[in-house]
Structures are given as structure tokens and as C-alpha cells.
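Take a look at the structure below.
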Amino acid sequence: MSGKPRIAIIISSTRPTRFADLPAQWVLKQANARSDMEAEIVDLRDHPLPFFDEIASSGFAPSRGAEAIRWQQTLKRFDGFIFVLAEYNFAVTGALKNAIDHAYHEWSFKPFTAVAYGGTGGVRALENLRTIATPLQMVSTRSSVHIGGADFVSVHPGYGIKKPIEAIEDHILPSANAALDELSTWLGILRVANGRAA
């Protein structure tokens, strides 16, 4: 496959009142301002997967469910991922874990980074995601974006403060640039492993 690597920005929360859309749109802008990748948003709301009910992981047996197959076809188009991570009880959302479990080969040998958020910047959700990603043979960047504490409260509409996310850009842009640089490096390496290089 030739051309710029394609990145899916996966929104992990499906709640009606989610915060995720703000950082998702922000990181989409950052990624698409670069010359070494092109990104688009993949929203789990658009993939109404059932709770995992296949006979086995698709790494061992083909999926039968129409939504699972459609989800796998969506993921297959991408060379890497940026997860927009909400933290629920020190972990990723149930919706994201379920979506991850509905694919296997489509994740393998592909890199990812994250924009995580929550009271402590979503750090535990990201650690949880890295653990989940290991048996899928995914590669995590070292750097990631964390929106937490006063920054999180200041831009979350639910707290009644109507600042745009750009109000905290000075705090998160350096880590975003580092994460995207690392993602680009791994894309170059792993696209060869996947036979997707130009």
C-alpha cells in the first residue's frame, strides 16, 4: 500500500455526555497538520457491537456476526491508531474493551498512542490499554497526551466552564507532538512488517 499511513482516532466512550469529542477533534487537527500521516475519526457509537459472543477470538476462528465483520473491515483500512481514552474505574471503557476483543489480526503489528483524560489524566486507563494490547502484538508509543486535574476541569463542559480545548494547548501540545513523532517512527517500521509499505 502506498501513500501516507492512515490513522484511526478511536473514540472510546459512547456516553451521550462524553467529553471525548473535544480532544478527538483537537488531535485530529494535530495529526492532519503533519505530512507523514492522515487521520480520521472512528466512533464506537457507529459500531454497535454486541457483547462478545463469538465462538473464539477472531485470531483463532473467523467471526460470524455482521457487526464484528464490519468492525474488522473498518480497522483493516488503518496502519495505526490514536485512542481517545476515558478512564472508568482505573480502566478503559467497557465499550472499548469489547471492541478490541472483536478483532485480532486487524490490530496486530500496528502502533498506537493515546489522548487520555480524567481526574489523573487517564494514566491508569492507558496502562490498562497497554496491557490489553500486548497479546494483540500492538506497539505503544512511550509518549502520550494526558488531560487531567485543573486542565480537565477547565475545558470539560460538564463543569460549567466554557473554555475551548485550545485554552490548554500549551500544556498538551508538546506531548502530542512527541507522541505523533513516535507514532510516525513505528508506522515506518511496522508497515513493512504488515506488507503495507510503498
Side-chain angles (χ1 to χ4, degrees), residues 1 3-13 19-20 22-44 74-88 90-93 96-97 99-100 103-118 120-149 151-152 165 168-198:
M1 181 178 290
K4 291 192 286 188
R6 300 185 67 188
I7 305 300
I9 297 172
I10 298 179
I11 300 180
S12 71
S13 174
F19 171 71
L22 296 178
Q25 290 296 330
W26 182 82
V27 77
L28 175 68
K29 178 180 174 184
Q30 306 311 315
N32 282 336
R34 300 171 63 99
S35 62
D36 55 359
M37 62 183 69
E38 58 184 31
E40 66 182 85
I41 288 176
V42 174
D43 194 336
L44 292 187
T74 296
L75 295 176
K76 191 174 182 179
R77 297 188 290 116
F78 297 99
D79 301 293
F81 306 97
I82 300 171
F83 292 94
V84 179
L85 283 182
E87 182 171 302
Y88 290 2
F90 291 15
V92 301
T93 67
L96 179 59
K97 180 60 168 68
I100 290 171
Y104 182 84
H105 298 293
E106 297 77 14
W107 300 118
S108 295
F109 300 107
K110 293 181 183 178
F112 72 94
T113 192
V115 178
Y117 61 87
T120 57
V123 294
R124 295 161 298 202
L126 179 52
E127 286 306 304
N128 180 221
L129 177 61
R130 285 172 171 155
T131 300
I132 294 165
T134 298
L136 297 171
Q137 302 182 83
M138 299 180 78
V139 176
S140 174
T141 62
R142 180 179 183 273
S143 299
S144 51
V145 180
H146 297 275
I147 303 172
D151 281 344
F152 181 55
I165 197 165
I168 62 167
E169 191 166 80
D170 288 350
H171 301 169
I172 60 176
L173 188 57
S175 56
N177 288 334
L180 293 173
D181 285 346
E182 292 170 27
L183 186 65
S184 180
T185 297
W186 281 112
L187 284 164
I189 296 167
L190 295 173
R191 283 181 98 205
V192 173
N194 276 312
R196 295 167 69 96

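A 4.5 Å side-chain heavy-atom check between Val115 and Ile172 finds every atom pair outside the cut-off. Met37 is listed as a side-chain neighbour of Ser184, based on a closest heavy-atom distance under 4.5 Å. By the 4.5 Å heavy-atom criterion applied to side chains, Ile7 and Glu38 are not counted as neighbours. Here the side chains of Pro5 and Trp186 are not in contact, with every heavy-atom distance at 4.5 Å or above. The closest side-chain heavy-atom distance from Glu169 to Gln30 is below 4.5 Å. For the pair Arg34/Asp181, a side-chain contact is recorded, criterion being any heavy-atom separation below 4.5 Å from C-beta on. In this structure, Phe83 and Ser12 have side chains that are not in contact, with every pair of non-hydrogen atoms separated by 4.5 Å or more. Residues Ile10 and Val84 form no side-chain contact, since every pair of their non-hydrogen atoms from C-beta on lies 4.5 Å or further apart.
Between Glu40 and Arg77 a salt bridge is recorded (basic side-chain N to carboxylate O distance below 4.0 Å). Taking a cutoff of 4.0 Å between a charged side-chain nitrogen and a carboxylate oxygen, Glu106 and Lys76 do not qualify as a salt bridge.
The heavy-atom pair separating Phe112 from Ser140 by the smallest distance is CZ-CB, 3.4 Å. Counting all heavy atoms, side chain and backbone alike, Ile11 lies closest to Ala20 at CG2-CB, 3.5 Å. Residues Leu85 and Ala114 approach most closely at CD1-CB, 4.0 Å, considering heavy atoms. Contact detail for Ala125 and Val92: the closest heavy-atom pair is O-CG1, 3.4 Å. Contact between Ala99 and Leu44 at its shortest, heavy atoms only, is CB-CD2, 3.9 Å. Annotation for Ser143 and Thr141: closest pair O-OG1, 2.6 Å, computed over non-hydrogen atoms.
Not a single ring-ring contact (aromatic ring centres under 6.0 Å, His included) links Tyr88 to another residue, sequence neighbours left out. Under the salt bridge (charged side-chain N to carboxylate O under 4.0 Å, His left out) criterion, Arg130 pairs with Glu127, not counting sequence neighbours. Checked against ring-ring contact (aromatic ring centres under 6.0 Å, His included), Phe81 has the following partners two or more places apart in sequence or in another chain: Trp107.
Distance check: Phe152 CZ to Ile165 CD1 gives 10.0 Å after rounding to the nearest 0.5 Å. In this structure, the separation between CD1 on Ile82 and OG1 on Thr113 is 7.0 Å, given to the nearest 0.5 Å. Rounding to the nearest 0.5 Å places CG of Leu126 at 5.0 Å from NE2 of His146. The line from CG of Leu180 to CG of Asp36 is 8.0 Å long, rounded to the nearest 0.5 Å. Separation of atoms CZ (Phe109) and CG (Asp79) is listed at 15.0 Å; rounding is to 0.5 Å. A distance of 10.0 Å separates OG in Ser144 from CG in Leu129, rounded to the nearest 0.5 Å.
For the pair Ser108 (side chain) and Leu136 (backbone), a donor-acceptor distance under 3.5 Å is present. A donor-acceptor pair under 3.5 Å is absent between the side-chain atoms of Lys110 and the main chain of Val139, judged by distance alone.
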- Query: Would Trp26 and Leu173 count as a side-chain contact (heavy atoms from CB on, under 4.5 Å) if you check the C-alpha gap in whole Å, the side-chain angles of each, and the deciding distance to 0.1 Å?
  - Reply: CA-CA 10 Å; Trp26 182 82; Leu173 188 57; 3.9 Å; yes
